[in-house]
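Structure first, commentary second.
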Amino acid sequence: MADLALPETPAKTQTWRQGDVIFLWLSRGCAFLVPALIGGIFLALLIYSLPAIKKFGVGFLVSPEWNPVTQEFGAASSIFGTVVSTLIAMLLAVPLSLAIAFFLAELAPPKVSRVVSTLIELLAAIPSIIFGMWGLFVFAPFLQAHVQPWLASTLGFLPLFQGPPMGIGIMSAGIILAFMILPFICAIARDVFLLVPRTIRESAFGMGATTWEVMYKVMIPYGLVGLIGAVFLGLGRALGETMAITFVIGNSHRISASLFAAGNSIASTLANEFAEATEPMYVSSLIALGLVLFLITYLVQILAQFLLRRLYRSWSAGL
Amino acid sequence: MNRVKWLIFAAVACIALTGVAQGQTLSLNGAGASFPYPLYSQWAHKYHGLTGMKINYQSIGSGGGIAQIKAKTVDFGASDEPLKTEDLDQAGLVQFPMVVGGVVPVVNISGIAAGQIKFTGDLLAQVFMGKIAKWNDPAVKNLNPGLNLPDLNITIVHRADGSGTTWLFTHYLGLSSPEWQEKVGVGKSVKWPAPNSAGGKGNEGVASYVKKVDGAIGYVEYAYAVQNQMSFAVLKNRAGNFVTPSIESFQAATANADWQKAPGYYLVLNNQPGDQSWPITGATYILIHKQQADAAKAKGAMKFFDWCYKHGAEMAQKLDYVPLPAKVVELVQATWAKEIKADGKSVWP
């Protein structure tokens, strides 16, 4: 092994250079594989959805009609369900996971912290179909029997909580999604909190700040870039989640103001209807839905990058 | 280094050997409808034990099955919805029914047991259109004077995935109500007009939604209604009788249908004549190419289907499918003899 570190003869140097070149191209090839794949997927989606785009145009995005019999398709109900269920998930999961992460990083005894952290990582490893089945058989009936009647009787004046409580629907989909993205946000947020230098935390406590103030005014601003990253990771996952949503969202092509109502998401529509879609326009419209999801996810990522860069600039100047 | 070479050699040898082994036994590949999958896979398993012939059936959905057999990637396709004669001729396919099943409306109203609530086709269509919103609506009450129907919202549960079951059910509603035919239509998935509705994935999805939502009505294949002990409805058939879904009432519909006059066996068994016929009954079909490239393989396939007809009936009934009546099997086998050829010769009998 010693001769590897100090090449003596020119011949050996030569082979090393060759090896380097091969390695360079190999890694370059691997790196290009990803953009090529994304580009390929995008192109394929675009080509196969062309018939639908040609027929329905921009109207595809805003039309709530989804009628396989008359072959009239619009994505509005699917986009609506995707956005609303994701929104519910984010509203629930972000504060909750920040609170858990702060507790684990700051307040919990190390032993407890270790055990709970491992459990949270395990939560991330549960396959989404398990969440779906649990949602359908355990969680939705619970919502239907205990939570939704209570919401209807106390907040029933809001259109959000009207209609018969079915358990399944946009609401349960959003909550299940929150459970699913929580471990992702939580695990990263905990790491971010742990990275806050001890001196900064302790000086804040030393100045008489309460725990809440330390979290709100020191830890969160310090780790903001990382936290936003964590949130967007969860967001990306929530947008594309398929199986669990399909089980509990109720799969109805309808836009309803009530969170109790059944709805659908882009991913659940694809999962449900692709296998039996035979007519070319039907297939093309489903692929166009896929394209819409692809673009939404992509836009979210771009937005995340943009936000991160701006925040990074403004915050790194401050700290 | 040597060891690696040996490993590669061994792996290649294994692949080559399995290739040789596979070449010796006949194997059939099929794909399509999910409705008959439990039965086809049992038949295939039993038949493999008896003859050593391997039959792989992939339950990918009727649409997938039709696409795969057209592309010739499988030896036979399976579909719940019969293809029209033009489509069959264009693709050079023969289609024949394999088993029959029934679709059953199921409800969840407390205090109402299986077989108690009655519907006519028209009333069912109105309910599924959302025109009747509550269970105590006079139209439902008049037909069911003895039942204590509550002041409860009706929730429609339908299939979320495209499905032959939905096709059969909407076809029946279309036959029963011109308004349904015009406004909603018939399809493997349709636009469900009722405002208060939800879609479950698969029969099991619909069954579990109906069981969980008070006041729900849905439709499932008979087997699911029986296995989940659901409250199925009684329907008025073409003869004017209220019939209970059962193997016998599906058989009655199958036997009373006029198969002889249906080219390509394009026959929906909905609303067939007969006192005991269940009005939402349908066959599931096998699709196979008329021109077979491999005579031995084609013969093997026909032998398997023949065995299913003649020896598979009991297994079918155990799984709540209805075997075809003998006279229909005779018709089907006459079609095989006439239409399925390899090297210009009939492969059957």
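Just so it is clear, the structure is predicted and the values come from calculations on it, not from any experiment. Below, chain A is the first sequence line, B the second, and so on; all start at residue 1. As a basis for the values below, the full set of heavy atoms in this structure was taken, side chains included, without hydrogen atoms, waters or symmetry mates.
If you tally non-hydrogen atom pairs under 4.5 Å between each of B/G205, B/A194, B/G187 and chain A, the highest count goes to B/A194. The residue among B/G164, B/P195, B/A67 with the most heavy atom pairs within less than 4.5 Å of chain A is B/P195. Ranked by heavy-atom pairs under 4.5 Å with chain A, the list B/G162, B/G199, B/G63 is led by B/G199.
Residue A/V283: no heavy atom, backbone or side chain, is found under 4.5 Å from chain B. Only the backbone of B/V186 comes within contact range of chain A, with heavy atoms under 4.5 Å apart. Interface remark: B/S208 contributes side-chain atoms only to the contact with chain A (heavy atom separation under 4.5 Å). Heavy atoms of B/A33 lying under 4.5 Å from chain A are absent altogether. Proximity to chain A (any heavy atom under 4.5 Å) is shown, for B/S34, by neither the backbone nor the side chain. Looking at B/S197, both its backbone and its side chain come within 4.5 Å of chain A, counting heavy atoms on both sides. Neither the backbone nor the side chain of A/A145 has a heavy atom closer than 4.5 Å to any heavy atom of chain B.
The shortest non-hydrogen separation linking A/L136 to B/Y209 is CD1-CE1, 3.2 Å.
The environment of A/F157 atom CZ is dense: over 12 non-hydrogen atoms of other residues, nucleotides or ligands sit within 6.0 angstrom. In the displayed structure, B/Y266 atom OH is contacted under 6.0 Å by more than 12 heavy atoms of other residues, nucleotides or ligands. Heavy atoms from other residues, nucleotides or ligands lying under 6.0 Å from OH of A/Y48 number 12 at most. Surrounding CD of B/Q58 are at most 12 heavy atoms belonging to other residues, nucleotides or ligands under 6.0 Å away. Within 6.0 Å of atom CE in A/M243, more than 12 heavy atoms from other residues, nucleotides or ligands are found, so the atom counts as buried in its surroundings. Within 6.0 Å of the CD atom in B/E204, the count of heavy atoms belonging to other residues, nucleotides or ligands exceeds 12. Within 6.0 Å of the CG atom in B/N29, the count of heavy atoms belonging to other residues, nucleotides or ligands exceeds 12. Surrounding NZ of B/K84 are at most 12 heavy atoms belonging to other residues, nucleotides or ligands under 6.0 Å away.
Within the model, atoms CG of A/N67 and OG of B/S189 stand 9.0 Å from one another, a figure rounded to the nearest 0.5 Å. Atom NE2 of A/H253 sits about 12.0 Å away from atom CH2 of B/W192, to the nearest 0.5 Å. To the nearest 0.5 Å, atoms CD (A/Q144) and CG (B/D214) are separated by 7.0 Å. Distance check: B/K201 NZ to A/S268 OG gives 10.0 Å after rounding to the nearest 0.5 Å.
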side-chain contact (heavy atoms from CB on, under 4.5 Å) evaluation trace for A/E273 with B/D161: CA-CA 5 Å; A/E273 300 184 20; B/D161 46 337; 6.0 Å; no
Could you go through B/K191 and A/V69, starting from their C-alpha distance and side-chain angles, then the distance that decides it, and tell me whether this counts as side-chain contact (heavy atoms from CB on, under 4.5 Å)? CA-CA 7 Å; B/K191 188 185 175 183; A/V69 178; over 6 Å; no
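In this structure, the side chains of B/K212 and A/F137 come closer than 4.5 Å at one or more pairs of heavy atoms.
Counting only distance, with no hydrogens or angles, the side chain of A/R254 and the backbone of B/A198 share no donor-acceptor pair below 3.5 Å.
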